[in-house]
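Every chain is numbered from 1, with letters handed out A, B, ... down the list of sequences.
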There are 2 protein chains.
Amino acid sequence: MTEVEGTDTRTRLLEAAADLIAATPGEDFSLRAVCDAAGVKMPTLYHFFGNKQGLVEAVVERGFDMYLSAKSSTESSGDPIQDLRLGWDAHVAFGLENPGFYTLMYGKVRPGYSPEAQSKPSEILRGLTLKAEQDGRLVVGHEQAAAHVLATNIGVTLRLVIQGKNDPELSAGVREGVLAAITGTGQSEPGDGRLGHAVIERAAANPDILGETETQLLIQWIGRLGEV
Amino acid sequence: MTEVEGTDTRTRLLEAAADLIAATPGEDFSLRAVCDAAGVKMPTLYHFFGNKQGLVEAVVERGFDMYLSAKSSTESSGDPIQDLRLGWDAHVAFGLENPGFYTLMYGKVRPGYSPEAQSKPSEILRGLTLKAEQDGRLVVGHEQAAAHVLATNIGVTLRLVIQGKNDPELSAGVREGVLAAITGTGQSEPGDGRLGHAVIERAAANPDILGETETQLLIQWIGRLGEV
DNA sequence: CAACCTCCGTATCGTTGTTACATCGGACTA
DNA sequence: TAGTCCGATGTAACAACGATACGGAGGTTG
């Protein structure tokens, strides 16, 4: 072989598969079509990827890399809650821009097994919720918060991918509801000891609004309201 | 044919397919295996269902019927918000008990098309949110509320189905967060005029806790906090 | 030079979804 | 009663698919 093609055969196969998946999101694809597009016969594909699942996993890993590189370019605000917001939006945006990849990454429902690479974004998410917990911003455990965010973020994104069009109002609404739920910015149940958490946070963070003595009094009053 | 079997051939095929799907959730299934289990050759299956997708859709429709009959037996509280709660739990329970069906019903990500029968539960959901809106319980439109509930409910259920085990804390946490978000029981954004809504409500409803002047002062202070 | 490894083509296998064609029995009609 | 039609089912085959056994070309290494 004269090796006129500049790219590696394995990379060519990977890109051909990615193109086919992106071209028909949600549909199945044929290994022979991948090989034809890469100008190669099937045993070559099997040589590099073992079987179809191996190819799919390689494509998924590639998808997660794309996702992470697109995500890491935006996430830097220092505030973990704000980072969760940015991460949420980046997640939704990636899903809508790459429905084929997203389907393989998060839409595959094979009980008991989740793709390897899926752990990386989850790690980032857990890092954020852990930091938020250490900053005292959470009213639930950081694992619980991460699971909460992940499940709803995937749910909203899958929904938007299925119906094919974006709905910023829905995404933002669910996002803020979720953040409110895990930060206690919204009161979940009377009598759980967290009544007025958001008010206290805001007042304590800005004691100049009411003045220092008034702020202390406010916090004390809200505490008495919550005790009953 | 002497028709010794008590059941209809079509029903037998349907049940055989349902059994196979339930036996290997998320995995694909073979039409020949269905026919073997039903004691019938392939053209019979094609006579009744046209093609594989037709069979799958019939199974899905059957799954939705099961889901609705299991759901309708619990939903009767009169309070639309409480009905949403019950519907949420029924949804999660059905998904966990029938992961194979649930995967076909809500896990299929084929952009642009959603199964026909999926509209029935959505109609019920929209009916509940509409009633809640008419009762003045919502702070968002009833369609927005329905979409919010549906996306998150599916997201949580898919998550639980994938990881195979239930997590009542997660489900209940997301559920209450969602209900808080659409009923305004929680405050969604600082500066939207809802900061400390629950505190104010509680204080105003029980002016004897703090005393009347202190209560008025509290409400005024919270208002000033929210304006900034 | 020979052994070996990576890369890749030829040919084939078993399974799958799908369909053309034939058969058989009951229902309706003249 | 004889004829005709139609739904239900079987026989057989096809094309596409994932997967694999086998071999050969080319470079590398001992």
Give a yes/no answer on whether the side chain of A/Ser30 brings an N or O atom under 4.0 Å of OP1 or OP2 in D/dA16.
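Checking A/Ser30 against D/dA16: no side-chain N or O falls below 4.0 Å of OP1 or OP2.
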Side-chain N or O of B/Thr44 versus OP1/OP2 of D/dG10: is the shortest distance under 4.0 Å?
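Result: yes.
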What pairs with A/Asn166 under side chain to side chain donor-acceptor pair (under 3.5 Å), at least two apart in sequence or on another chain?
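Not a single residue meets the side chain to side chain donor-acceptor pair (under 3.5 Å) criterion with A/Asn166.
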Among residues at least two apart in sequence or on other chains, which ones pass side chain to side chain donor-acceptor pair (under 3.5 Å) with A/Arg126?
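If we apply the side chain to side chain donor-acceptor pair (under 3.5 Å) test to A/Arg126, skipping adjacent residues, there are no hits.
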How would you list, by chain and number, every residue that makes a ring pair (Phe, Tyr, Trp, His ring centres under 6.0 Å) with B/His91, sequence neighbours excluded?
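Checked B/His91 against ring pair (Phe, Tyr, Trp, His ring centres under 6.0 Å); matches are B/Tyr67, B/Tyr102, B/Tyr106.
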Could you name each residue pair satisfying salt bridge (charged side-chain N to carboxylate O under 4.0 Å, His left out) that touches residues 25-39 of chain A, not counting sequence neighbours?
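Residue pairs passing salt bridge (charged side-chain N to carboxylate O under 4.0 Å, His left out), neighbours aside: A/Asp28-A/Lys52.
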Would you mind checking if A/Lys120 and A/Asp65 are paired as a salt bridge, meaning a charged N to carboxylate O distance below 4.0 Å?
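Between A/Lys120 and A/Asp65 there is a salt bridge, with a charged N closer than 4.0 Å to a carboxylate O.
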Do nucleotides 18-24 of chain C as a string where each nucleotide becomes B, S or -: B if the base has a protein heavy atom under 4.0 Å, S if just the sugar-phosphate does, - if no protein is that close.
BBB----
Length of the [atom1]-[atom2] vector between [X] and [N], whole Å:
| X | N | atom1 | atom2 | result |
| --- | --- | --- | --- | --- |
| A/Leu13 | D/dG18 | CG | P | 13 Å |
| B/Asp28 | D/dC17 | CG | P | 15 Å |
| A/Leu45 | D/dG18 | CG | P | 9 Å |
| A/Phe49 | D/dT20 | CZ | P | 16 Å |
| A/Lys41 | D/dG23 | NZ | C1' | 17 Å |
| B/His47 | D/dG7 | NE2 | C1' | 5 Å |
| A/Leu20 | D/dC17 | CG | P | 11 Å |

Which residues satisfy the salt bridge (Lys or Arg N to Asp or Glu O under 4.0 Å) test with B/Lys108, sequence neighbours excluded?
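Scan of B/Lys108 (salt bridge (Lys or Arg N to Asp or Glu O under 4.0 Å), adjacent residues dropped) gives none.
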